[in-house]
Amino acid sequence: MLTIPTRAEVVRQVRERGERVAAVLPIHYPRALLRAHGFQPMEVWGPPSVSVVEGNAHFQAYTCGIVRNATSFLLQGGLDAADVIVIPHTCDALQGMASVLKDFIEPRQPVATIYLPRAARSADRGFLQAELHRLAQQLAEISGRSPSGGELMAAIEREEEADRELGALAEHRSEIDLGDRDYFTLLRAREFLPAESFIELARSAPRGRGPDRGVPLMISGIVPEPMDLFDHINEMGAHVVADDLACCSRRLYRPGSASDPFERMADALLGGPLDPTRGSPILERARAVASRMAQCGAKGLLVYDVKFCEPELFDVPLLRKHLTEAGLSMLHVEFDMTGSIAQQTLTRIEAFVEMLQ
Amino acid sequence: MGEAKWIGIDAGSTTCKAVAVDAAGDLIASRIEPAHPVIEDQAARLVDELRAEAGAGGEVPVVATGYGRKLVRGATRNITEITCHARGVFRALKQPGMLVDIGGQDTKVIVIGPGGRAVDFMMNDKCAAGTGRFLEHSAARLSVAIEDLGPRALGAVGEESISSTCTVFAESEIISLVARGAKVDAILLGLHRSLISRVVAMIHSVGLRSPLMLSGGVARNLAARAMLEQATGQKLHLPEHPQLMGAYGAALVGLESGADR
């Protein structure tokens, strides 16, 4: 059994080291840039168990739960420990959240944004590098710390090492002797642990024969909340053999080779796994998902989406079409970002498992 | 009538159904009644009644389905309604194809493969719009008996468009239409159109297949049937007991499991 510190414990440790905390909204951002400027990224994927009264007051009912919950969490003091809030332009909802925070809520912490291109042409690389320089300048103004090129490169290499460990966990799931919930808790520790701590944790994961019970599923979506989901899936007679989750495997960035740190960070962000929030072509994505399913023996794909997540939902009909043509089964369900899963949703997943048995 | 071998219980949101099958899988006894809030007691009573009717004493095993399936005491298994509807309709109509089940709380579109296995499905997951509850709620607002909904909609002269995609907002729309002097039958026709358009959208999400089959309480509604046929261009195939298919399928799953009492 692995011992994984909580976010609160990590925040305390970061503070004790005299470092700062950056609350970061999903999905893609330059971790190394934050670390080099003295900020430990603490990702905010909801969280699911907060009252959403405050968030609901600022956003339309059809805005995704991550944005509404995160705004509520901020207004309830949940992000008080953060010195900066970083909001990548992942989707319209998160861009809207950045605007609402800057223009209306005006939190105590500065709000930094980063615009991510939806393609990977040379112009996109140039744009993203300029964005990273702009963010670096903003972080330097907040922290009063301007890392040297060497310091920045050291941070990049440390994050690349952590990504390699994350990739090894994903690649060799069948050899990780952890149940689904513990396994995904380990992967998700990358959301808030410093790279060096994550590397140590990942290397200490028990190896052996992984769980092999019931129907093998692959899971896709943004974030698997609440984590009880995995207990339910196991009780239904299935287990999760691979993922295409935005919080996990969609962030297996390839190590770069450029000597310029900004070029290297931009290359990593633009060259990451296929992801609808980065505008990846659906046919390529469907092929990659099908290939991964075949590789890990998944009998079905569970697409577990936060309700009203537009980038995900736009892909669903064509993903279904392409997977069906490839003879693969897919179930799409949506969930509210709350502390429990609706019975209707569980019934659908259970029926899917029955169908695949 | 053969002796009961298995009992299936479908503890649905609107009605609770129970079915007994004999060794050949034929439906030999059934019960259907409005769902009681205390599912455990209602299911136990229905099982006792069927056991008594089928003369099999207290030993007939039970498989439960429906949203209340996990509350049925003494059930040897509980299985989702998707699997059970597929199995029941396949046995009743003796063919694979696409099943539309419009129930009280949800609507299911199920692709039934060889042997009666569900091979794909979709359920409405937004709200009550697109389910039997939508019609039930609207009928109550218009003081029309459920069994009169279909015939009155089919006999309507003209049609009022219902644009709301939510049962509650549709009720507001109905109130406005009534206040404006719209004919009740024309409103009913519009309500059916609204319901069917949502069901057809689900059908196309999965991919329309033939033959198209219909089960659930709304299968008794003539207007819904006619409009679904019109919207899909498919002739609808209905089992003899469309409301009992979930419970029937549950009993068949028990029978097919090979575990005899």
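Note that the structure is a prediction, hence the values are computed from the model and not measured. Chain identifiers are assigned alphabetically (A, B, ...) following the order of the sequence lines, protein sequences preceding nucleic acid strands; residue numbering begins at 1 within each chain.
Proximity to chain B involves both the backbone and the side chain of A/E350, based on heavy atoms less than 4.5 angstrom apart. Using a 4.5 Å cut-off between heavy atoms, B/F121 touches chain A through backbone and side chain atoms alike.
Environment of CZ in A/R181: crowded, with over 12 heavy atoms of neighbouring residues, nucleotides or ligands closer than 6.0 Å. Within 6.0 Å of the CD atom in A/Q343, the count of heavy atoms belonging to other residues, nucleotides or ligands does not exceed 12. The environment of CZ in B/R209 is crowded: more than 12 heavy-atom neighbours from other residues, nucleotides or ligands sit within 6.0 Å. Counted within 6.0 Å of CZ on B/R45, heavy atoms from surrounding residues, nucleotides or ligands total more than 12; the atom is thus considered enclosed.
The nearest pair of heavy atoms linking A/S329 to B/V119 is OG-O, 4.5 Å. Here the closest non-hydrogen pair linking B/R117 and A/L356 is NH2-C, 4.3 Å. Considering every non-hydrogen atom in both A/R320 and B/D120, the closest pair reads NH1-OD2, 2.9 Å. A pairwise comparison of heavy atoms in B/R69 and A/T347 identifies NH2-OG1, 3.4 Å as the closest pair. Of all non-hydrogen atoms in B/D106 and A/Q344, the two that sit nearest each other are CB-NE2, 4.1 Å.
In this structure, the side chains of B/I79 and A/E354 come closer than 4.5 Å at one or more pairs of heavy atoms.
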